[in-house]
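Note that the coordinates shown come from a computational prediction; the quantities given were computed from them, not determined experimentally.
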Amino acid sequence: MQALLFYITYPFIYAVASLPYGALYRLSDVFCFFVRLIGYRKEVIFKNLRTSFPDKTEREISKLARDYYRYFCDLTLETLKTLRMPEDESRDRVTLENVELFHKLHRENKSVILVLGHYGNWEWIGPCVTLHTPYQLNVIYRPLTNPYFERMMVRMRTRFGTRITPVPQTLRDMVATRGTVTATAFVADQAAPVNAYWTTFLNQDTSVFTGPEKLATKFNYPVVYLHVERPKRGYYTVRPELLFETPAQTQPDEISEKFTRRLEKDIITYPPIWLWSHKRWKHARPTA
């Protein structure tokens, strides 16, 4: 059944990936109409927005939801576009600012930990770092359950030399590559387990994954946050910001807290391009 689903849908995926950008975004507009018509995760999106922005009116919340739906459809088709995106388009569509930070740290033979959220097109950010910096990028990810789509996604994500590592193999991979200068990227804003670090994020009690912090302090790799902007449809700007140069000297949970605050600032500044349809707050803070 998994193979049948893949082979039925793959021709459509390939056709979408082959579209010129003008047609891609016109298709996205049509896609958005139907996604809103069926009310895809409407309750989750509106609940997340209302709780995160309690001072906004219902009209403002509805506009944010519309803007998010439009961006979500763009993001979905942009991700499929990755399947056939050539290198020159990847370089043109995502601009990397402050690249000097990466060159400086690389000259100092410092491997780095990159942290970012599901904000903007995180699938396009990987090729951007690979193509514009001297680092060997390794992205930590959660494999798909369908092996056919998983192989397709691996092929898409590694086209320009980016490496990817499943979450359970992260520590082993970092130990194995300790002798080389690498950049290990974590999209670290998913819903974390109950026994994670707890803080307040977008006005809500929120569990935060501590894996990036633990690895950064263990290896003493500088922590770099990737700030993302979307100046116009189909284009992104990425700016690395050094959060901690010597993580081994930080206090417990300091790195996780600063990453959370930095991501929160970006989301508040421009909300539509964060993943509002994700069930981010599905756990309650423990009472003990």
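- In summary, E254 and K258 do not engage in a salt bridge, as defined by a charged side-chain N under 4.0 Å from a carboxylate O.
- Looking at W124, Y71, Y236 one by one, the single match for side-chain hydrogen bond (donor to acceptor under 3.5 Å, both in side chains) with E78 turns out to be Y236.
- V208 belongs to a hydrophobic cluster with Y197, counting contacts under 4.5 Å between side-chain heavy atoms of Ile, Leu, Val, Met, Phe, Trp and Tyr, direct or through other members.
- Between E241 and R239 a salt bridge is recorded (basic side-chain N to carboxylate O distance below 4.0 Å).
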Which atom pairs, one a donor and one an acceptor, fall under 3.5 Å between side chains of residues 270-277 and the rest of the protein, sequence neighbours left out?
from : atom 1 : to   : atom 2 : distance (Å)
W274 : NE1    : D189 : OD2    : 2.8
W276 : NE1    : P271 : O      : 2.7
S277 : OG     : Y68  : OH     : 2.6

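- No single ILVMFWY cluster, assembled from side-chain heavy atoms under 4.5 Å apart, contains both F33 and L27.
- Contact detail for V99 and L96: the closest heavy-atom pair is CG2-CD2, 3.8 Å.
- Figure legend: cation-pi geometry between R41 and F72 absent, as NZ or CZ is not positioned both under 6.0 Å from the six-membered ring centre and within 45° of its axis.
- The two atoms that bring I45 and A65 nearest to each other are CG2-CB, 4.3 Å, heavy atoms only.
- Other residues, nucleotides and ligands contribute only 12 or fewer heavy atoms inside 6.0 Å of the NZ atom of K63.
- A donor and an acceptor atom, one from each side chain of W281 and T206, are located under 3.5 Å apart.
- Across every non-hydrogen atom of T162 and V139, the tightest pair is CG2-CG2, 3.8 Å.
- Of the N and O atoms on the side chains of H227 and E229, at least one donor lies less than 3.5 Å from an acceptor on the other residue.
- In the model, E257 has a side-chain atom that pairs as donor or acceptor with a side-chain atom of T199 under 3.5 Å.
- Formation of a donor-acceptor pair under 3.5 Å by the Q249 side chain with backbone atoms of T246 is not found in this model.
- Tested against S90, the residues L131, T130, T82 include a single side-chain contact (heavy atoms from CB on, under 4.5 Å) partner, L131.
- At a threshold of 4.5 Å between non-hydrogen side-chain atoms, the residues L215 and Y221 do not count as touching.
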Note to self: The test is side-chain contact (heavy atoms from CB on, under 4.5 Å); show your working for L202 and I268 and say whether it passes.
What the structure shows: CA-CA 8 Å; L202 294 173; I268 292 172; 4.0 Å; yes
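- For the 3.5 Å distance criterion, the side chains of S28 and D74 qualify, holding a donor opposite an acceptor.
- Distance alone, capped at 3.5 Å, places no donor-acceptor pair between the E123 side chain and the T79 backbone.
- Between the side chains of S52 and Q204, at least one donor N or O lies within less than 3.5 Å of an accepting N or O.
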